[in-house]
Amino acid sequence: YRRNVLPIIQSPLSGLFFSANRHEDRDMLNDFYEFYTLSSDAPDYELQCTELICRICRRLFARIEKMECSPPPGKSDQIQEQRIRLMLTFIHSFYSSHLNVEQIAESARIGRSECFRIFKKIIGKTPVEYLTEYRLAQAAYHLSNTEKSISEICFSCGFNSTSYFGKIFKGNCGMSPSQYRRSIRSAQKR
C-alpha cells in the first residue's frame, strides 16, 4: 500500500489526460475499456477485475513516476492548469446545454484565444473537440447502461440533431449508436 497505492493517491500532479491519439496512452485506454466491458456473469470475473485493476495501477504508477521526474511546473503552468480545471469542470457540469467556446473561456475568466491555447497545450485538442468527445463518452455510457431511446440520449448529451449525433458517433466509434448498444449488450452477456 505504502509503496504502490499512496504514491498514486498522494501525487501532487493536478491531473492526467489520456488520448487515443497518443501512442503511450492507448494501452491504458484499452485497459479501461476492457474493464468497462467485463461481464459479471463470467466465471472468472473477479480474477479478470483484479488483473485489470493491477495493470491499470501499474501503468498509473509508472506514468506518475515519469511525470514527477520532470521539472516542476512554473507559475504560468500552474495558472494554466488551474484554468483548464475550471473549464473542464464547467464542461462536465453543463455538457448537455448548448455550450460555446466563449462560455467555456468565461468559466475560467479568460478570452477565447487563451482558451484555445490552453486546451491545445494541455489536452492537445480544441475546446470543441474535447466537448464533443466528452458528449460522445456520456452518450456511450447511456447507450450501455440505460434503456433511454437514442434520440433521448442524443438530446440529453447536448446534440441538436439525431442525424448529426449518429454521424459523429459513427465517425468516432466506427459504428452507429444502435450498433454500439447491441455490441455492448452482446459483450456483457458473454
Side-chain angles (χ1 to χ4, degrees), residues 1-70 73 81 84-85 88-89 91-93 95-96 122-125 129-154 156-159 165-166 168-190:
Y1 177 81
R2 273 189 234 125
R3 288 177 64 200
N4 299 311
V5 177
L6 277 180
I8 294 172
I9 295 171
Q10 295 178 339
S11 173
L13 299 174
S14 58
L16 295 173
F17 298 99
F18 300 101
S19 170
N21 298 331
R22 289 198 312 238
H23 176 70
E24 64 270 16
D25 291 349
R26 285 191 192 126
D27 290 337
M28 177 70 83
L29 293 172
N30 287 336
D31 289 344
F32 284 132
Y33 181 76
E34 189 177 340
F35 189 82
Y36 180 73
T37 58
L38 278 179
S39 171
S40 59
D41 296 334
D44 61 345
Y45 173 73
E46 288 81 8
L47 291 173
Q48 289 181 38
C49 283
T50 303
E51 177 187 354
L52 283 167
I53 290 169
C54 289
R55 194 180 324 154
I56 290 168
C57 286
R58 190 180 74 242
R59 291 183 201 282
L60 279 173
F61 185 78
R63 177 83 173 263
I64 289 170
E65 191 173 57
K66 181 179 172 186
M67 292 175 75
E68 286 178 343
C69 291
S70 50
E81 287 177 7
I84 196 73
R85 270 197 303 273
L88 292 177
T89 299
I91 288 171
H92 297 170
S93 299
Y95 71 93
S96 61
I122 296 177
I123 298 181
K125 300 175 193 293
E129 289 170 336
Y130 181 85
L131 173 61
T132 301
E133 287 184 14
Y134 188 76
R135 285 175 169 167
L136 288 171
Q138 294 302 309
Y141 173 81
H142 289 291
L143 288 166
S144 303
N145 297 293
T146 71
E147 295 300 321
K148 290 181 182 177
S149 72
I150 291 173
S151 60
E152 282 179 290
I153 293 170
C154 163
S156 71
C157 290
F159 293 99
F165 171 61
I168 199 102
F169 193 95
K170 186 170 186 167
N172 278 278
C173 298
M175 60 184 84
S176 70
S178 57
Q179 290 170 325
Y180 179 83
R181 176 175 265 172
R182 281 193 300 273
S183 72
I184 291 295
R185 295 215 170 132
S186 164
Q188 289 171 343
K189 289 180 184 174
R190 284 188 230 142

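Ring geometry for Tyr33 against Tyr36 counts as tilted: the plane angle lies between 30° and 60°, on a 0 to 90° scale. Ring orientation note: the planes of Tyr180 and Phe169 are nearly perpendicular, at an angle over 60° on the 30°/60° scale.
Electrostatic pairing of Arg55 and Asp27 does not count as a salt bridge here, judged by no charged N lying under 4.0 Å from a carboxylate O.
Atom CD1 of residue Ile53 and atom CD of residue Gln48 lie 11.5 Å apart, to the nearest 0.5 angstrom. The structure places CG of Asn145 at 9.5 Å from CZ of Arg181, a figure rounded to the nearest 0.5 Å.
With sequence neighbours excluded, no residue forms a salt bridge (Lys or Arg N to Asp or Glu O under 4.0 Å) with Arg26. Tyr141 meets the ring pair (Phe, Tyr, Trp, His ring centres under 6.0 Å) test with no other residue; sequence neighbours excluded. Judged as a side chain to side chain donor-acceptor pair (under 3.5 Å), and not counting sequence neighbours, the contacts of Ser149 are Ser151, Glu152. For the salt bridge (Lys or Arg N to Asp or Glu O under 4.0 Å) test, no residue two or more places apart in sequence or in another chain qualifies with Glu129. Asn30 is linked by a side chain to side chain donor-acceptor pair (under 3.5 Å) to nothing, counting only residues two or more places apart in sequence or in another chain.
Checked by atom type and distance alone, the side chain of Ser186 never pairs as donor or acceptor with a backbone atom of Arg182 at under 3.5 Å.
The two residues Cys157 and His142 make their nearest non-hydrogen contact at SG-CD2, 4.0 Å.
Sorted by first and then second residue, the salt bridge (charged side-chain N to carboxylate O under 4.0 Å, His left out) pairs with a member in residues 169-179 form an empty list; sequence neighbours excluded.
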